[in-house]
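One structure is given below, encoded as structure tokens.
A, B, ... follow the sequence lines: proteins, then strands. Residue 1 opens every chain.
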Protein chains: 2
Amino acid sequence: MRVTIADIARQLNLANSTVSRALKDDPRISTEVREQVKELARQLGYRPNLVARSLVSERTFSIGLVINDIPWSFFGELAQHIQNAAESYQYATLIYSSGNNPHKERIGIESLVARRSDGLIVSAHENMENIHLLEQLSREGCPVILLNNIPAVSLDIVGVDNVNGNRSAMQYLADLGHRRIAYIGPEPVKSFEVERLAGYEQFCRQFQCGEELRMVFTGEASPLLGYKATLSLLENNHTPTAVLAYNDIIALGVIRAVWESGLRVPDDISVVGADGLALCLTAYPPLTTVAVPIREMAVKAVELLMQRIQANESIGRTTPARIQLLPELIIRQSVSVPRS
Amino acid sequence: MRVTIADIARQLNLANSTVSRALKDDPRISTEVREQVKELARQLGYRPNLVARSLVSERTFSIGLVINDIPWSFFGELAQHIQNAAESYQYATLIYSSGNNPHKERIGIESLVARRSDGLIVSAHENMENIHLLEQLSREGCPVILLNNIPAVSLDIVGVDNVNGNRSAMQYLADLGHRRIAYIGPEPVKSFEVERLAGYEQFCRQFQCGEELRMVFTGEASPLLGYKATLSLLENNHTPTAVLAYNDIIALGVIRAVWESGLRVPDDISVVGADGLALCLTAYPPLTTVAVPIREMAVKAVELLMQRIQANESIGRTTPARIQLLPELIIRQSVSVPRS
DNA sequence: ATGAAAGCGCTAACAC
DNA sequence: GTGTTAGCGCTTTCAT
């Protein structure tokens, strides 16, 4: 049997509550007793049972994080920052990765709630059933922060202004003289996908430039799909002077395809990514990218969640918060002025 | 207030225990009552409180995973596989990333234990104090699976035979005719670092080839350090015909440095990575690598942990298990025969 | 087939 | 300053 508060109390002829207080440095307990208790606790190797504590305090001091996948690093970096931010509030983070599967996402949400996470941060799959589930949970008293821009949803949102992020990247390319700018990314389904494409298209329309270079493929964002899409774009002789990729991962695939085609980055084709992952520095040449302020996003999301938890309020009483973070263009070496 | 079993019992004029059983499809409860209970549970939006359940059952159905960092994808991929494997046993995974900081690692371990994880999988920082803590926990009844090869430790280990992995990579290079093979990696402190360097050095000694090309830098494995190390290697005119990098991340930095120096991969310099991450396909050219069977590692670790949990045995009674996984060389396009 | 009661480890009124 | 008591939500003997 593991050692409990009762064991300590018995050996010291104290009441459980006294031991409990002593362990928490309650000023009402005399210093001697406190020391005595702590000393014995150490000797016996007492480890508090947070499960029991949670049952009475109705608080687990843990938050749940639901993401799509850990490996491709956007979520990895995000998870790390969220964990760090939560830790500064003495909170643990339970990470659940849905593998982009709405059914698994649902299981994950339910599991985190059943484990009584004090709140949830969710980068959702955007399946409406699950969004409704989250709204429901929020109403039932479990605060939820959403990391996607979903309109008309009664949840707090910490989102990214991808439209303007990509518009500013386009502006940068146009200012350098680029007119034939391609976009390579997945079909616009999720908010990030829709917004990033929209930023590109809005700019194209406004400046009457190259919307025929919009290249949308089916499937999840991966370097391989970026690679293949680029190859087929180049084959068709629709050669652009610059490519705006949906994200960094795809951009790396684009770069590989350009080199393999015997062209050079950035001399023949400039490439811009998005997300701002550390692995941009992995590319040759290092990737210019529309960086999402991932750390800030994590900090803001956790901050907001902690407010909700402390105020013991979910949505219903209050208007949902809408925080929008603006991406920042990080200029590296994958872009130059167009060749001709 | 959230709805509890007692609420359902009251409304249906049943005992709590009956409701509890009905919810679990206990055959002793009549089908009608079972249906009635479940129906009302659905209507009221009953959600089981796993905290309460855990307190009595002494099981949380969650395991703790302690890793060094999530973002650089080895641990990301690992975490994903562990989570998947655990899920097949109906277990949730609590991930804690220590950011390579032994003190934070300790906090993380304690936090996971306080939350009463049924077991731990740890890719340790290899700080001996923490290892002893883990041994202690194991003795106290919390099974621990270690993912590092640490000698003479009384914990189950699912490790990687990095020595032979790297020797086979060297053999492959030598067979192609390479004699001037450099190694680029961090100072050998952790087991992975020691073993991978050892695999290189053993081969060099055996075949009397180029140990002067061993290039060890200070700091954590990052593409930037791989990049810088390569540049200084090339500056000193110690030009190798091939580079064996500590891992894929560093290899990507090496590749970038080679291109920037006006040399070509693999024509002038061949590059081999290690780990076998998905981002190898991101490189130009796609990276040949000594792939760790990450998924298998995850599956084996979880399998072993589940056995320990089910048998309700940690180390002490039993001899610790020693599972060694052999990496596999995945041949892509970053290696060719040497130039001259 | 169902109920009553005890208890998991801890906390928090309330007493003295 | 310390003890008593009740109870968090659930499971599990032991009755009936």
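Applying the 6.0 Å contact sphere to CZ of A:Arg47 captures more than 12 heavy atoms from other residues, nucleotides or ligands.
Side-chain contact annotation: B:Asp69 with B:Ser97, donor-acceptor N/O pair under 3.5 Å absent. Neither side chain, A:Glu129 nor A:His132, offers a donor N or O lying under 3.5 Å from an acceptor on the other. A donor-acceptor contact closer than 3.5 angstrom links the side chains of B:Glu140 and B:Gln136.
In terms of position along DNA chain C, the nucleotide closest to B:Asn16 lies nearer the 5' end than the nucleotide closest to the other residue of the pair B:Asn16 and B:Ser57. Each of B:Leu55 and B:Pro27 has a nearest nucleotide on DNA chain C; the 5'-most of these lies closest to B:Pro27.
How far CD1 of B:Ile109 is from CG of B:Leu137: 7.5 Å, rounded to the nearest 0.5 Å.
Here the C1' atom of nucleotide D:dC10 and the CG atom of B:Asp26 are 15 Å apart, to the nearest Å. Separating the CG atom of B:Leu23 from the C1' atom of D:dC10 is a distance of 11 Å, rounded to the nearest angstrom. Note: CD1 (B:Ile5) to C1' (D:dT12) measures 12 Å, nearest angstrom. Rounding to whole angstrom units, CG of residue B:Leu14 and P of D:dG9 are separated by 19 Å. Summarising the geometry, the separation between CD on B:Glu58 and C1' on D:dC10 is reported as 13 Å, rounded to the nearest angstrom. In this structure, A:Leu50 places its CG atom 15 Å from C1' of D:dC8, rounding to the nearest Å.
The shortest side-chain heavy-atom distance between A:Ile145 and A:Lys300 does not fall under the 4.5 Å cut-off. Side-chain contact check for B:Asn49 versus A:Arg116: some heavy-atom pair is nearer than 4.5 Å. A:Ile5 has its side chain within reach of A:Tyr46: a pair of non-hydrogen atoms, C-beta onward, lies under 4.5 Å apart.
Read 5' to 3', the first and last nucleotides of DNA chain C with an atom closer than 4.0 Å to a heavy atom of chain B are C:dA1 to C:dG9.
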Polar atom pairs between nucleotides 13-16 of chain D and protein, under 3.5 Å, N or O only, would you list them?
residue: D:dT13; atom: O4; partner: B:Arg21; partner atom: NH2; Å: 3.0

Original post:
Can you check side-chain hydrogen bond (donor to acceptor under 3.5 Å, both in side chains) on B:Gln307 and B:Glu303, steps first, answer last?
Top reply: CA-CA 6 Å; B:Gln307 278 175 27; B:Glu303 206 172 271; 4.8 Å; no
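Within the 4.0 angstrom heavy-atom criterion, only backbone atoms of the sugar-phosphate kind lie near B:Asn13; the bases stay farther away. Within 4.0 Å of B:Val51, counting heavy atoms only, lies no atom of the nucleic acid at all.
A close approach under 4.0 Å does not occur between any side-chain nitrogen or oxygen of B:Ser54 and OP1 or OP2 of D:dC10.
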